[in-house]
Amino acid sequence: MKEWGLIADSSCDLNDTLFDAGDLYFATVPLKILVDGREFIDLPETDPRDMLRAVRESKGPSSTACPSPADFAAQLRQAKNSFVVTISSHLSGTYNAALQAMQLVHDEAPDHHIHVVDSLSTAGSMVLILRRLRELIEQGLSFEEIVEQIERYRDTMIILFSLATFDALIKNGRMSPVTGLLASALNIRAVARNSNGTIQVLEKPRGEKRAIERMVALMEKIKPISAKTPVVITHCGNPDGAASLSGLIRETYGITDFTVLECACLTSFYAGDQGLLLSY
């Protein structure tokens with residue numbers, strides 16, 4: 001059994017090869033996407049393009065399913081001190097499942113220390129929280145000190161995103177078909193952000209180039225940043241857009257600490273093909 005463990009749900013878009021856990025135990029717990037009775041488990045070997053193709057071809061709504069408490073508990077048993085980072089509790093039941101798992105493991109082993117962090121976000125914001133947790137553990141802080149610091153750090157996280165398609169939002173009742181079709185016809189790339197764990201549309205520029213410009217311009221208006229601010233960019237089949245976004249951020253703010261990841265299944269489901277997510 002490891003001394004320290006970091007657990008996340010799969011919406012962080014990480015796996016063992018993409019996150020250097022050092023001496024820590026690290027694992028991700030997969031969510032599921034359900035399309036016409038077909039189940040896509042959000043694992044590294046599951047092709048998001050196959051899932052998106054099924055969503056496009058489906059005439060009915062698709063849905064997601066959070067991990068079970070047992071899924072989380074199996075990972076929490078691997079370390080004496082564990083932190084779990086989940087997708088926003090406003091978007092999924094994953095946070096509550098992790099809390100139930102925490103209680104289950106505490107009942108079995110009262111000496112285990114477990115804290116569940118509601119990221120109030122997803123994707124790159126979770127990556128940054130996990131990296132900060134690793135740093136705090138490596139500094140030798142107590143469990144209680146890490147809890148206090150990571151909750152404060154979580155509250156500073158910002159994610160901006162721009163969508164090119166609205167299929168999932170329309171089919172799941174989060175956008176009217178007329179609005180979605182109009183947005184697509186006008187090439188609108190809505191720029192939105194997380195706000196207390198929910199989605200807030202900020203602007204509705206036309207075209208990806210303009211959307212990227214607006215995302216970069218909004219960064220400093222929303223949160224003070226410096227050349228040392230770490231940035232995680234996640235894209236759904238859009239490496240060129242991610243490169244343009246990172247290039248403009250570097251040119252505008254002098255930031256060099258970039259990580260670019262490709263969306264796995266869960267984030268692809270919501271971001272849609274060509275979607276861009278910017279966390280800092």
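Computed from a predicted model, the values in this text were never measured in an experiment.
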Between [Y] and [X], is there a salt bridge with N-O shorter than 4.0 Å?
{"X": "E135", "Y": "R131", "value": "no"}
{"X": "D47", "Y": "R49", "value": "yes"}
{"X": "D50", "Y": "R53", "value": "yes"}

[atom1] of [X] to [atom2] of [Y]: how many Å apart, nearest 0.5 Å?
{"X": "I33", "Y": "T46", "atom1": "CD1", "atom2": "OG1", "value": "8.0 Å"}
{"X": "S121", "Y": "I159", "atom1": "OG", "atom2": "CD1", "value": "4.0 Å"}
{"X": "M157", "Y": "K223", "atom1": "CE", "atom2": "NZ", "value": "4.0 Å"}
{"X": "L266", "Y": "K32", "atom1": "CG", "atom2": "NZ", "value": "13.0 Å"}
{"X": "L245", "Y": "S162", "atom1": "CG", "atom2": "OG", "value": "9.5 Å"}
{"X": "E262", "Y": "T234", "atom1": "CD", "atom2": "OG1", "value": "10.0 Å"}

Taking the side chain as every heavy atom from C-beta outward, state whether [X] and [Y] have any atom pair closer than 4.5 Å.
{"X": "C236", "Y": "S268", "value": "yes"}
{"X": "K80", "Y": "H113", "value": "no"}
{"X": "D9", "Y": "M126", "value": "yes"}
{"X": "L6", "Y": "V85", "value": "no"}
{"X": "T64", "Y": "D42", "value": "no"}
{"X": "N81", "Y": "H112", "value": "no"}
{"X": "I129", "Y": "V127", "value": "no"}
{"X": "L128", "Y": "P230", "value": "yes"}

Please name the pair of heavy atoms, one in [X] and one in [Y], separated by the smallest distance, quoted to 0.1 Å.
{"X": "R250", "Y": "F258", "result": "NH2-CD1, 3.4 Å"}
{"X": "R189", "Y": "E208", "result": "NH1-OE1, 3.2 Å"}
{"X": "I158", "Y": "S125", "result": "O-OG, 3.9 Å"}
{"X": "A101", "Y": "F72", "result": "CB-CB, 3.5 Å"}
{"X": "W4", "Y": "A79", "result": "C-CB, 3.6 Å"}
{"X": "S88", "Y": "D118", "result": "CA-OD1, 3.4 Å"}

Under a 4.5 Å side-chain heavy-atom rule over Ile, Leu, Val, Met, Phe, Trp and Tyr, are [X] and [Y] clustered together?
{"X": "L31", "Y": "V55", "result": "yes"}
{"X": "I233", "Y": "I212", "result": "yes"}
{"X": "F269", "Y": "F40", "result": "yes"}
{"X": "L202", "Y": "Y270", "result": "no"}

Judged by atom type as modelled, is there a donor-acceptor pair below 3.5 Å linking the side chain of [X] to the main-chain atoms of [Y]?
{"X": "Y95", "Y": "S119", "result": "no"}
{"X": "N15", "Y": "T17", "result": "yes"}
{"X": "T28", "Y": "S10", "result": "no"}

>> Run the side chain to side chain contact (heavy atoms under 4.5 Å, CB included) test on M215 and I249 for me, step by step, so that the C-alpha distance in whole Å, both residues' side-chain angles and the decisive distance to 0.1 Å come before the verdict.
In response: CA-CA 9 Å; M215 291 172 77; I249 293 172; over 6 Å; no
Strictly by modelled atom types, are [X] and [Y] linked by a side-chain donor-acceptor pair under 3.5 Å?
{"X": "Y25", "Y": "Q75", "result": "yes"}
{"X": "E151", "Y": "H115", "result": "yes"}
{"X": "D107", "Y": "Q103", "result": "yes"}

> Could you walk me through whether I222 and L160 pass the side chain to side chain contact (heavy atoms under 4.5 Å, CB included) check?
Replying inline: CA-CA 10 Å; I222 294 172; L160 294 170; 3.7 Å; yes
> Just one of I87, T86, D13 clears the side-chain contact (heavy atoms from CB on, under 4.5 Å) bar with T122, so which one?
Replying inline: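 Answer to the side-chain contact (heavy atoms from CB on, under 4.5 Å) test with T122 among I87, T86, D13: I87.
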> Looking at V105, L104, V116, which hits side-chain contact (heavy atoms from CB on, under 4.5 Å) with L76?
Replying inline: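 Output: one option passes, namely V105.
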> Do the rings of F26 and F19 sit parallel, tilted or perpendicular, given the 30° and 60° boundaries?
Replying inline: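 F26 vs F19 ring planes: tilted.
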> Using the ring of each side chain (for Trp, its six-membered ring), is F83 parallel, tilted or perpendicular to F143, with breaks at 30° and 60°?
Replying inline: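 Aromatic pair F83/F143 classed parallel.
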